[in-house]
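Only a predicted model underlies this, so the values are computations on that prediction, with no experimental measurement involved.
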Amino acid sequence: MSLERAVYKTGKYVCERLETDESNRRALIKVRAVLKHPTQGDLHNPKQVDVPLFHERKALAEFEKMWVPLSTLRPFDEECPSYLDSLEHAWNTQYEQLEEDGSDWAKKSQQNLIELRNEYRFS
């Protein structure tokens, strides 16, 4: 099985391609691991807290299927980590980056991530 890296919204994932729809320039993928956790907040107003809805964005689930643009796919030649280990690593990386930022947006994003951590159920 050949693995690829896909971008979906603000997250990055290791996936396997299940189907290619050339006419619509997209591929159906199945998630195997998380490389970058999705960004929290309003993407139309980046790094702003005073917005109508501060979105909580979960990472795609293990084996979740999603259509992504073909242009976001790249080869992934490394060993695929386990989904849960990769999710925890991506979560920790984002949380630490927000800690360094220290802005109101970063603090609100960290609150969202803490809520998500409880749902993800890793240690």
Side-chain angles (χ1 to χ4, degrees):
M1 160 188 44
S2 174
L3 295 177
E4 296 180 88
R5 178 188 62 104
V7 176
Y8 181 74
K9 298 194 177 178
T10 61
K12 291 183 184 172
Y13 303 90
V14 177
C15 63
E16 56 184 285
R17 191 185 312 197
L18 302 176
E19 191 177 318
T20 303
D21 178 2
E22 291 287 350
S23 63
N24 291 306
R25 305 200 38 75
R26 64 185 188 160
L28 181 64
I29 60 155
K30 181 165 69 170
V31 174
R32 300 291 304 275
V34 181
L35 296 173
K36 180 187 175 292
H37 195 280
T39 304
Q40 305 302 299
D42 184 344
L43 299 180
H44 301 290
N45 297 290
K47 298 196 174 193
Q48 300 296 314
V49 176
D50 192 17
V51 293
L53 179 60
F54 195 91
H55 296 273
E56 176 186 88
R57 289 194 176 75
K58 292 182 186 180
L60 295 176
E62 184 175 24
F63 306 127
E64 186 170 350
K65 295 175 184 167
M66 188 65 52
W67 287 100
V68 298
L70 286 173
S71 62
T72 71
L73 293 172
R74 300 285 181 273
F76 186 80
D77 297 326
E78 301 167 38
E79 187 170 325
C80 185
S82 77
Y83 177 82
L84 197 55
D85 287 345
S86 71
L87 176 62
E88 186 169 12
H89 182 266
W91 186 96
N92 284 327
T93 299
Q94 186 168 88
Y95 193 88
E96 289 167 10
Q97 289 170 345
L98 292 167
E99 190 74 28
E100 291 172 12
D101 180 308
S103 67
D104 289 343
W105 168 80
K107 291 173 185 168
K108 179 82 171 156
S109 295
Q110 283 181 307
Q111 290 172 357
N112 280 9
L113 288 174
I114 289 168
E115 290 296 318
L116 289 172
R117 182 184 183 106
N118 295 333
E119 289 182 44
Y120 292 154
R121 298 178 188 205
F122 47 74
S123 54

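- Screening residues 41-69 for side-chain hydrogen bond (donor to acceptor under 3.5 Å, both in side chains), with sequence neighbours left out, gives D42-N45, K58-E119.
- Clustering of Ile, Leu, Val, Met, Phe, Trp and Tyr side chains at separations under 4.5 Å leaves L43 isolated, with no partner residue.
- Looking only at distances, no side-chain donor or acceptor of T10 sits under 3.5 Å from a matching main-chain atom of P38.
- In this structure the side chain of S109 reaches within 4.5 angstrom of the side chain of F54, judged on heavy atoms.
- Hydrophobic clustering places Y8 together with L73 (ILVMFWY residues linked when any side-chain heavy atoms are closer than 4.5 Å, directly or through intermediates).
- Using a 4.5 Å heavy-atom cutoff, the side chains of V68 and R26 are not in contact.
- Q97 pairs by the side chain to side chain contact (heavy atoms under 4.5 Å, CB included) definition with T93, not counting sequence neighbours.
- The shortest distance between side-chain heavy atoms of Q40 and K108 does not fall below 4.5 Å.
- Screening E88, Q94, K12, H89 for a side chain to side chain contact (heavy atoms under 4.5 Å, CB included) involving H37 leaves a single residue, Q94.
- Note that OG1 of T39 is 11.5 Å distant from CG of N112, once rounded to the nearest 0.5 Å.
- D101 and S103 get closest at one heavy-atom pair: OD1-OG, 2.7 Å.
- A donor-acceptor contact shorter than 3.5 Å links the side chain of R74 to the backbone of S71.
- Put simply, the side chain of Y120 gets close to the backbone of A59: a donor and an acceptor are under 3.5 Å apart.
- Under the 4.5 Å side-chain heavy-atom criterion for grouping Ile, Leu, Val, Met, Phe, Trp and Tyr, V7 is not connected to V14 through any hydrophobic cluster.
- Rounded to the nearest 0.5 Å, atoms CG (N118) and CD (E115) are 6.0 Å apart.
- Under the side chain to side chain contact (heavy atoms under 4.5 Å, CB included) criterion, K9 pairs with no residue at all, not counting sequence neighbours.
- One hydrophobic cluster, built from ILVMFWY side chains closer than 4.5 Å, holds both L116 and L87.
- In this structure the side chain of E4 reaches within 4.5 angstrom of the side chain of C15, judged on heavy atoms.
- Looking only at distances, a side-chain donor or acceptor of W91 sits under 3.5 Å from a matching main-chain atom of L113.
- Smallest separation of non-hydrogen atoms from A61 and V31: O-CB, 3.4 Å.
- Judged as a salt bridge (Lys or Arg N to Asp or Glu O under 4.0 Å), and not counting sequence neighbours, D104 has no contacts.
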Can you give me every donor-acceptor pair (side chain of residues 76-83, partner residue at least two apart or in another chain, under 3.5 Å) with its distance?
unit_1	atom_1	unit_2	atom_2	d
S82	OG	D85	N	3.1
S82	OG	D85	OD2	3.2
Y83	OH	L60	O	2.5

Quick one, R5 with L35, criterion side-chain contact (heavy atoms from CB on, under 4.5 Å). Give me CA distance, side-chain angles, the key distance, then yes/no. CA-CA 8 Å; R5 178 188 62 104; L35 296 173; 3.6 Å; yes
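- Hydrophobic clustering of Ile, Leu, Val, Met, Phe, Trp and Tyr side chains at less than 4.5 Å, counting indirect connections, keeps M66 apart from F63.
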